[in-house]
Amino acid sequence: MTSTQLIELREALRQAMDEEMERDSRVFIMGEEVAEYNGAYKVTKGMLAKWGPKRVIDTPIAELGFGGLAIGAAMTGLRPIVEFMSFNFSFVGADQIISNAAKMYYMSGNRYSVPIVFRGPNGAAAQVSSQHSHCVESIYGVLPGLIIVAPSNAYDAKGLLKSSIRSNNPVLFLESELSYGDKMEIPTEEYLVPIGKANVVQEGNDVTLISHSRMVNLCKQAALELLAQGISVEVIDLRSIRPLDIETVARSIRKTHRAVLVEEGHFFAGITAEVGFEIMEVCFDDLDAPIVRVCQRDTPMPYSKVLEVETMPTVPRIIAAIKQTKI
Amino acid sequence: MVAKDLVPRFYKNERKDFLASIPKELLLDALKRMLLIRNFETRAEAAYQQGKVGGFFHSYIGQEAIQTAAYQVIGKDNWWITSYRCHALALLLGATPDELMAELFGRVTGNAKGRGGSMHFYTDRLLGGFGIVGGQIPIATGAAFSLKYLDQKSKVAVCFMGEGAVAQGSFHESLNLASLWNLPCIYVIENNQWGMGTAVNRALTNKRIAEEKAPGYNMKGYTFDGMDYLDCFAAFQHVYREVLETGRPVLIEALTERFKGHSISDPALYRTKDELKACMSRDPILQMKTDLIEAKILTEEQYKAIDKECRETVLKAITFAEDSPWPSPDTLGEDVFAPETEEGIR
């Protein structure tokens, strides 16, 4: 039997980086407060003490500058991990991600690849208002050349981050501030989780519930409540947005004939819009009911708790959406 | 146009003495390289006018002395980065006229397989032509970061930009980081006086951009005459030595002026005929020719022969490009992602 450890998701991320830095001297981490402060959310806790300032690097507040610098470093032989304190801050450096990282390999006639990981919390935290809560996956998801990963638990977070660091391509690795403290029993031994494979986290027969990142946990709760009402829900964790594993989704829908899509971000041109359309393209005839989706409502994130909960997907909203498919 | 009495002079000795300090072979090599650039740009522009080249096209004509001198002084085996005005640097760093012309023609034999076009040329040491103004500055800074990380002390990163890029945030953030972290990067502002149609004095408040900006980053800043190969050579000699010694970045400004519009579609109506005439009177190639003839290193006949040889090379490149196959539509989706070399990750 393999030995396991009960750890928080933030520790799983740290272990992934630590192991990869051990394995490859070209890997380093750079970002605001990652070193002396031990990480704004303590993901990099202890790493400066272990690896020193050459490989655990505090930056000034300059996402465009250090984001682009890291892309340049990736083009010239290194394998940077860049932490954004919030993925909302990536917007300041978006030109470097969009115009340089995403397009370089193709545009250069495959002369220069960009093996880099941008990671950090994405989406809502607790009452941090409009400018710190936006989900970025649908913004960056339109760009060919980027890999986008969004794990929901510590096991996937560790295995996917290790795969991301080993990838020869730019990866946006989306975490959730609200999930950093989630505990899970994961193997002590090294393992990888491949990028681009969705995971059926709970089997069911009546409806397929598809989501990613922190929303998967809400979906699991909704599924549990519905089980008590005699409704069997299959829950799929996409795990990676780009590439999108539509086959695993379609296989489930061919069984359940119903689909509900849940996304923390907004509905307009969102990930659910894409997944929903691909479902139509791949298995339209298998559907017995229109697809229903639960997303953030079409507002910036408000500060007040009361309004915040109103705009976000919740377990009751997910349950209502499932019932809308008239099982 | 920079008034002639305001043009700085970097080298301190007499012009002919300074010229005599540079090996004759190097001077002739510079002339030949500048003529190749001039001929390449001229013929490529003509091909564009004939509809054989599409998209944007930014000519380096008038600015040849700067990158030619930089290349000669610093040498290929460093990291090089520039803006979309990238044809000259690619030629200098060893990309063939054939592959560059084929890229302009959109052919599969092109420098970037017909995917990049005029603004995106590469070599094994040229990280690109970059299409977004100032977008290359953080990349160059990262290349310098890699040199330091990998302990390659004999190498530097050289980052060219137009003066238009100085107003971008990427300029500020990059120079701050490079100075903060002691990165060996030579930032070269090629001040050709115009950001597209906007005169530099309508974009920046500085009179001497590098000299005034650099102290704010605790860096050295220098200005030199970008229309004069000898002054470019002197300036790059100085800053290259300094960066190798200190391991610190430096900011330099080459005063120059392009002879063409911003791009091929720009008739440059913002510049009067007299202004253009004045700047063309300082043609770096003609200056070089005059200098070398005076120094008895070159004859008029030899000059004509070199020019002819360059013209023929470029005409052959045009034939090569025209005869090259188009990319197969089947290859459209290739290389969106680099192949993975590690097992089990995708």
Side-chain angles (χ1 to χ4, degrees), chain A residues 26 28 30 54-55 57 59-60 62-78 80 92-93 95-96 98-100 102-115 144-147 160 162-170 191-197 240 243, chain B residues 79 81 103 108 110-117 119-124 126-132 134-150 157 168-170 172-178 180-181 183 333-346:
Chain A
R26 298 169 300 172
F28 64 93
M30 167 180 286
K54 184 186 171 185
R55 297 180 71 190
I57 305 164
T59 67
E63 284 83 3
L64 173 65
F66 70 76
L69 182 152
I71 293 166
M75 288 172 71
T76 52
L78 303 183
V92 178
D95 174 55
Q96 290 295 324
I98 294 169
S99 298
N100 291 343
K103 296 169 182 172
M104 189 56 64
Y105 190 70
Y106 190 84
M107 181 172 75
S108 70
N110 75 19
R111 283 167 185 263
Y112 288 102
S113 59
V114 185
L146 290 180
I147 290 171
L160 280 167
K162 285 170 69 71
S163 293
S164 299
I165 294 167
R166 292 184 195 188
S167 172
N168 293 330
N169 291 286
Y191 65 92
L192 296 172
V193 172
I195 296 166
K197 302 267 188 293
S240 85
Chain B
W79 289 117
I81 300 94
E103 185 64 29
V108 71
N111 177 263
K113 299 186 175 185
R115 297 194 192 124
M119 299 187 288
H120 305 294
F121 285 177
Y122 305 84
T123 75
D124 58 341
L126 174 61
L127 296 168
F130 286 77
I132 309 292
Q136 76 274 27
I137 312 174
I139 301 297
T141 312
F145 178 92
S146 285
L147 293 176
K148 189 175 180 196
Y149 189 98
L150 298 168
Q168 285 276 27
S170 60
H172 165 65
E173 295 190 23
S174 298
L175 268 66
N176 182 55
L177 286 166
L180 192 67
W181 294 346
L183 304 180
E334 289 177 5
D335 299 332
V336 176
F337 291 100
E340 301 294 1
T341 42
E342 298 276 351
E343 275 182 38
I345 65 164
R346 273 177 85 185

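Below, chains carry the letters A, B, ... as their sequence lines are ordered, and counting in each starts from 1. Here the structure is a predicted model, which means the values were calculated and not measured.
Residues satisfying the ring-ring contact (aromatic ring centres under 6.0 Å, His included) test with Phe28(A), not counting sequence neighbours, are Phe145(B), Tyr149(B). Not counting sequence neighbours, the partners of Arg166(A) by the salt bridge (Lys or Arg N to Asp or Glu O under 4.0 Å) test are Glu20(A), Glu190(A).
Of the atoms belonging to Asn110(A), heavy atoms from both backbone and side chain fall under 4.5 Å from chain B. Within the 4.5 angstrom heavy-atom criterion, no atom of Leu147(B) approaches chain A. Contacts between Ser99(A) and chain B at a heavy-atom distance below 4.5 Å involve the side chain alone, from C-beta outward. The contact between Phe130(B) and chain A is made entirely by side chain atoms (from C-beta outward), counting heavy-atom distances below 4.5 Å. Using a 4.5 Å cut-off between heavy atoms, Leu146(A) contacts chain B through its backbone alone, with no side-chain atom that close. Proximity to chain B (any heavy atom under 4.5 Å) is shown, for Tyr105(A), by both the backbone and the side chain. With a 4.5 angstrom heavy-atom cutoff, Ser164(A) does not touch chain B via any of its atoms. Neither the backbone nor the side chain of Ile81(B) comes within less than 4.5 Å of any heavy atom in chain A. With a threshold of 4.5 angstrom between heavy atoms, Glu334(B) approaches chain A through N, CA, C or O but not through any side-chain atom. Only the side chain of Glu342(B) comes within contact range of chain A, with heavy atoms under 4.5 Å apart.
Looking only at heavy-atom pairs under 4.5 Å with chain B, the residue among Ser113(A), Gly145(A), Ala102(A), Pro243(A) that has the most is Gly145(A). Chosen from Ser108(A), Ala62(A), Pro144(A), the residue pairing most often with chain B at heavy-atom distances under 4.5 Å is Ser108(A). Options Asp95(A), Val114(A), Ile57(A), Leu78(A) differ in how many heavy-atom pairs under 4.5 Å they form with chain B, and the most are formed by Leu78(A).
Results of the side-chain contact (heavy atoms from CB on, under 4.5 Å) test with Ile139(B) over Leu69(A), Thr76(A), Asn100(A) single out Asn100(A) as the only residue that passes.
Looking at Ile147(A) and Arg346(B), their side chains come closer than 4.5 Å, going by heavy atoms from C-beta outward.
In this structure, Leu64(A) CG and Gln168(B) CD are separated by 8.0 Å, a value rounded to the nearest 0.5 Å.
Judged by distance alone, the side chain of Arg111(A) and the main-chain N or O of Asn111(B) form a donor-acceptor pair under 3.5 Å.
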